[in-house]
J.: 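Dropping a structure here in C-alpha cells format, bear with me for questions.
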Amino acid sequence: MTRAPSRHTGAARVARGGLLLAGLAAGCGDPIRYSDAEIARHTMLAGAPGGFLLGVATSAHQIEGGNHNDWTEWEPGRYADGSPHVKGGATTARGPDSWNLWPKDVEAVRALGANVYRLGIEWSRLEPTEGAWDADAAARYRAMLTALVETRPHAIAPMLNLYHFTLPPWVVARGGWEWEGAPAAFAAFAARAAEAFGDRVDLWCTINEPNVYVTKGFLSAEWPPGVHDPARALRVFARLLHAHGLAAAAIRARDRVDADGDGLPARIGIAHNVIVFDAASASPLDALVAHVADRFYNAALPDALAGGHIHLALPRVAAIDEPAPELAGSLDWLGLNYYTRRTVRARLDRTGAGAPYELVPDPSRAHTDLGWEVYPEGLYRVLVRFARYGWPVIVTENGVADRAGDMRPGFIRAHVYALDRARAAGVDVRGYVYWSLIDNFEWSHGYDGRFGLYTIDFAGDPTLARRPTPAVATFRQLARNVGLLDAAGSAAP
Ligand code: IFM
C-alpha cells in the first residue's frame with residue numbers, strides 16, 4: 001500500500017512509550033513492500049478455512065457511557081500544567097451510549113455479515129462493590145449476548161473480553177493492579193462471568209493489551225493512575241499476567257456449556273498489542289533500542305505464556321524474574337492487535353526519566369489521523385513471527401483512525417492482503433477482527449480517533465445514529481468472500 005502523502009505531519013516525534021534502554025536489531029531493513037496493484041488484484045480471504053472468524057470489536061468503557069470506574073475519575077482531571085487528561089476535556093458520560101443503544105450495535109454487526117463480535121463486559125458494572133453481582137447489569141449483557149447468538153441465518157459468536165483498561169473503584173481503593181489480591185479478585189469476577197454467560201459464550205478473551213495498559217498507566221503517565229515508575233510498571237505487568245492465568249483456569253472450571261456446538265465449551269485467548277520496531281539506521285545503538293523495545297513490548301508476554309515463567313526487563317532500570325506455572329497451557333489462541341510500526345532512533349536519557357527513542361517516520365508511507373504509520377507488511381511479519389509459538393492466531397484488532405473515512409477501505413484491503421500472505425506461508429490464522437464497529441472514546445484522544453466502520457456525530461446528532469462509512473462495503477466484500485453473505489449481499493446460512 002503506497003498511499004501518500006500523509007495528511008498527518010511527518011515530523012519526527014518523540015515517542016512517549018517510556019521504554020528506557022536499548023538492544024539488537026528487531027527486523028531492521030525488512031525488504032517487503034506491497035504494491036497497490038498486487039493488492040488490487042487479490043481476492044481477499046479466498047480459501048480461508050471453514051469457521052474463519054470475521055468480525056468487529058469494541059470495548060465496554062469505550063462505547064457504553066455512564067460507567068463508574070477509574071477512567072471516569074480520570075477523564076475530567078488535569079495535569080499539573082493545566083492541560084486536560086483527555087483531549088478537549090471529553091468524557092464518557094454518554095459516549096456512543098451503547099448501554100442503551102446496544103440493539104443498534106447488534107444490527108450494525110449483523111449488517112456487516114460478520115460471524116464474530118468482540119465485545120467487553122464492564123467489571124465495575126457487574127461487581128460494583130467487592131463480591132456483589134448486579135443482576136440488572138448481568139441481565140442486560142445477557143440480552144446482548146442472546147441477540148448475537150440468535151442472529152439468523154448465521155449466529156454472531158460473542159468473543160467476550162473481561163478486562164479492557166478499566167477498574168472498579170473498590171479495586172482502585174486497594175491499590176489497583178498493584179494490590180496483591182487483584183489477580184484473585186479478577187479471577188473471581190471471571191468465574192462469575194463464566195457461570196452467568198457461559199451458555200452464550202465460547203470465545204473468551206481475558207485481558208486486552210497488558211503492555212499498553214502498563215506503558216500508558218505506569219511509564220508515560222498518560223492514563224490512570226498517571227504514574228511514571230518502571231519498577232511499578234513491571235510489577236503491574238506481572239500481576240496482569242498472573243491474573244490472566246488465574247482467570248483462564250476459572251473460566252475452564254465454570255464454563256461447561258458448549259454454546260456453539262463445536263464440542264468445546266471455552267476457547268480462551270488474550271489480546272496482545274504488537275508494534276513492529278525497526279531501527280532507523282544501521283547504527284548499533286538504534287538497533288539496540290529497537291531490540292529492547294521489542295523484547296519488552298512484543299516478546300515478554302508470549303514468552304511468559306509459553307514458558308510459564310515471567311521475565312520482564314527494562315535493562316539497568318528494573319527487572320522481574322519469577323515463575324508463573326498457571327500461565328502454561330492457559331491459551332487456546334493468541335490474539336494479536338496490530339496497528340503500526342515504529343522506526344526508532346536512539347535517544348538515551350541518562351536520567352532514566354525520558355523516552356528512549358524518537359520516531360523517524362517514513363515519508364513515503366501514509367499516516368493516520370493519530371499519526372500512526374500505515375504499514376500492512378507489519379501484519380505479515382507479526383503473524384509469521386508469533387505463529388512460531390504454536391498457538392492459532394486471531395487478529396483481534398486492526399484498524400485506522402480516519403475521520404474522513406477515505407483511507408479505511410484501502411487500509412483494510414492491504415492488511416487482509418498481508419493476512420492472506422501469512423496464511424499462504426502456512427500461518428494458522430483463524431480470524432480477522434476490525435477495530436472498531438463504531439466510533440468511540442479513544443482514551444486520551446477523546447473522540448478524535450475515529451476508528452469506526454460506522455461513524456457517529458457525537459456533537460450534532462442526539463440520536464447517535466450509527467452511519468456507515470465507505471469501508472462497510474469493503475467489509476461486506478470480505479463477508480461475501482468467506483461465504484457469510486451471498487452474491488446479492490444477503491446473509492448466508
Ligand atoms: O481503542 C484502542 C483499544 O482500546 C485497544 N487497542 C487499540 C485501540 C486503538 O487505539
Side-chain angles (χ1 to χ4, degrees), residues 8 15-17 55-65 67 69-72 74-75 85-87 90-92 95-96 98 105 117-123 159-167 205-217 220 222-224 240 269-276 297-298 301 334-342 367-375 378-379 382 394-403 407-408 411-412 415 432-456 458 471:
H8 193 98
R16 303 181 69 195
V56 281
T58 56
S59 86
H61 185 70
Q62 289 176 273
I63 64 168
E64 285 181 356
N67 280 324
N69 57 34
D70 55 343
W71 260 92
T72 51
W74 176 261
E75 287 158 16
H85 286 163
V86 176
K87 192 156 183 201
T91 75
T92 55
S98 291
D105 295 343
Y117 178 31
R118 178 173 172 239
L119 75 166
I121 50 176
E122 173 64 25
W123 189 359
M159 177 188 280
L160 200 63
N161 199 95
L162 299 179
Y163 180 74
H164 196 125
F165 304 152
T166 54
L167 283 173
C205 186
T206 55
I207 297 184
N208 182 70
E209 300 177 344
N211 54 353
V212 174
Y213 177 77
V214 162
T215 303
K216 301 278 194 183
S220 65
E222 291 167 273
W223 291 4
L240 288 164
I270 193 166
H272 179 39
N273 187 287
V274 284
I275 293 176
V276 172
Y297 197 87
N298 293 324
L301 179 142
L334 176 66
L336 296 176
N337 294 359
Y338 173 75
Y339 289 86
T340 190
R341 155 169 83 167
R342 287 184 186 170
H367 290 72
T368 76
D369 291 350
L370 296 182
W372 302 356
E373 178 182 306
V374 177
Y375 181 59
L379 181 58
V382 303
I394 299 174
V395 178
T396 36
E397 286 182 27
N398 173 241
V400 56
D402 174 27
R403 184 184 282 268
M407 203 176 192
R408 191 170 292 109
F411 181 97
I412 293 175
H415 285 78
Y432 176 81
V433 175
Y434 179 82
W435 179 274
S436 178
L437 172 67
I438 52 177
D439 285 344
N440 58 58
F441 179 72
E442 178 55 21
W443 309 111
S444 51
H445 299 286
Y447 296 97
D448 259 16
R450 299 301 189 106
F451 286 84
L453 286 178
Y454 294 84
T455 191
I456 297 176
F458 293 102

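We count ligands from 1, going down the list as the structure has it; atoms in each ligand are counted the same way.
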J.: Just to check, does His445 reach to within less than 4.0 Å of ligand 1 when the distance is taken from its heavy atoms?
T.: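 In this structure, His445 fails to qualify as a contact of ligand 1 - no heavy atom is under 4.0 Å.
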J.: May I ask you to list the atoms of ligand 1 that are less than 4.0 angstrom from any heavy atom of Asn208?
T.: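 Within the 4.0 Å cut-off of Asn208, ligand 1 contributes 5 (C).
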J.: Can you tell me how the ring of Tyr339 sits relative to the ring of Phe451, calling it parallel under 30°, perpendicular over 60° and tilted otherwise?
T.: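 It falls in the perpendicular class, over 60°.
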J.: Just checking, is any N or O donor in the side chain of Arg342 or Tyr297 under 3.5 Å from an acceptor N or O on the other one?
T.: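 No pair is found: no donor N or O on one side chain lies under 3.5 Å from an acceptor on the other.
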J.: Counting only heavy atoms closer than 4.0 Å, does ligand 1 sit against the backbone of Phe441, its side chain, both, or neither?
T.: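 No part of Phe441 is near ligand 1 at this cut-off.
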J.: For atom 5 (C) of ligand 1, which protein heavy atom lies nearest, and how many Å away is it?
T.: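 The closest heavy atom on the protein side is Glu209 OE1, 3.1 Å.
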J.: How are the rings of His85 and Trp74 set to each other: parallel, tilted or perpendicular (split at 30° and 60°)?
T.: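 Aromatic pair His85/Trp74 classed parallel.
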J.: Between Glu397 and Arg118, does any side-chain N to carboxylate O distance fall below 4.0 Å?
T.: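 So Glu397 pairs with Arg118 through a salt bridge.
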J.: Name the closest protein heavy atom to atom 8 (C) of ligand 1, giving the residue it belongs to and the distance to 0.1 Å.
T.: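 Closest protein heavy atom to atom 8 (C) of ligand 1: Tyr339 OH, 3.4 Å.
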J.: Less than 3.5 Å between some nitrogen or oxygen of Trp372 and one of ligand 1, yes or no?
T.: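 N/O-N/O distance below 3.5 Å does not exist for this pair.
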J.: Suppose we measure from atom 2 (C) of ligand 1 to each protein heavy atom; which comes out shortest, and what is that distance?
T.: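 Of the protein heavy atoms, Glu442 OE1, 3.6 Å lies nearest.
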J.: Who's the nearest protein heavy-atom neighbour of atom 6 (N) of ligand 1, and how far?
T.: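 Protein heavy atom at minimum distance: Glu397 OE1, 2.5 Å.
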J.: Looking only at heavy atoms, which two atoms of Arg450 and Ile456 are closest? And how far apart?
T.: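 In this case the closest contact between Arg450 and Ile456 is NH1-O, 2.9 Å.
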J.: Residue-level breakdown please: for Leu370 versus ligand 1, do any non-hydrogen atoms fall below 4.0 Å on the side chain, on the backbone, on both, or on neither?
T.: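 No part of Leu370 is near ligand 1 at this cut-off.
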J.: So, regarding Gln62 and ligand 1 (criterion: nitrogen or oxygen to nitrogen or oxygen, under 3.5 Å), is there a contact or not?
T.: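 Yes.
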J.: Relative to the heavy atoms of His164, which atoms of ligand 1 are at a distance of less than 4.0 Å?
T.: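 Within the 4.0 Å cut-off of His164, ligand 1 contributes 3 (C), 4 (O), 5 (C).
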J.: Is the distance between the ring centroids of Trp123 and His61 under 6.0 Å?
T.: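 No, the ring centres sit 6.0 Å or more apart.
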J.: Run the salt-bridge test on Asp448 and Arg403 with the 4.0 Å N-O cut-off and return the result as yes or no.
T.: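 Yes.
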J.: Aromatic rings Tyr447 and Phe458: how do their planes relate, parallel, tilted or perpendicular, breaks at 30° and 60°?
T.: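 Answer is tilted, since the angle falls between 30° and 60°.
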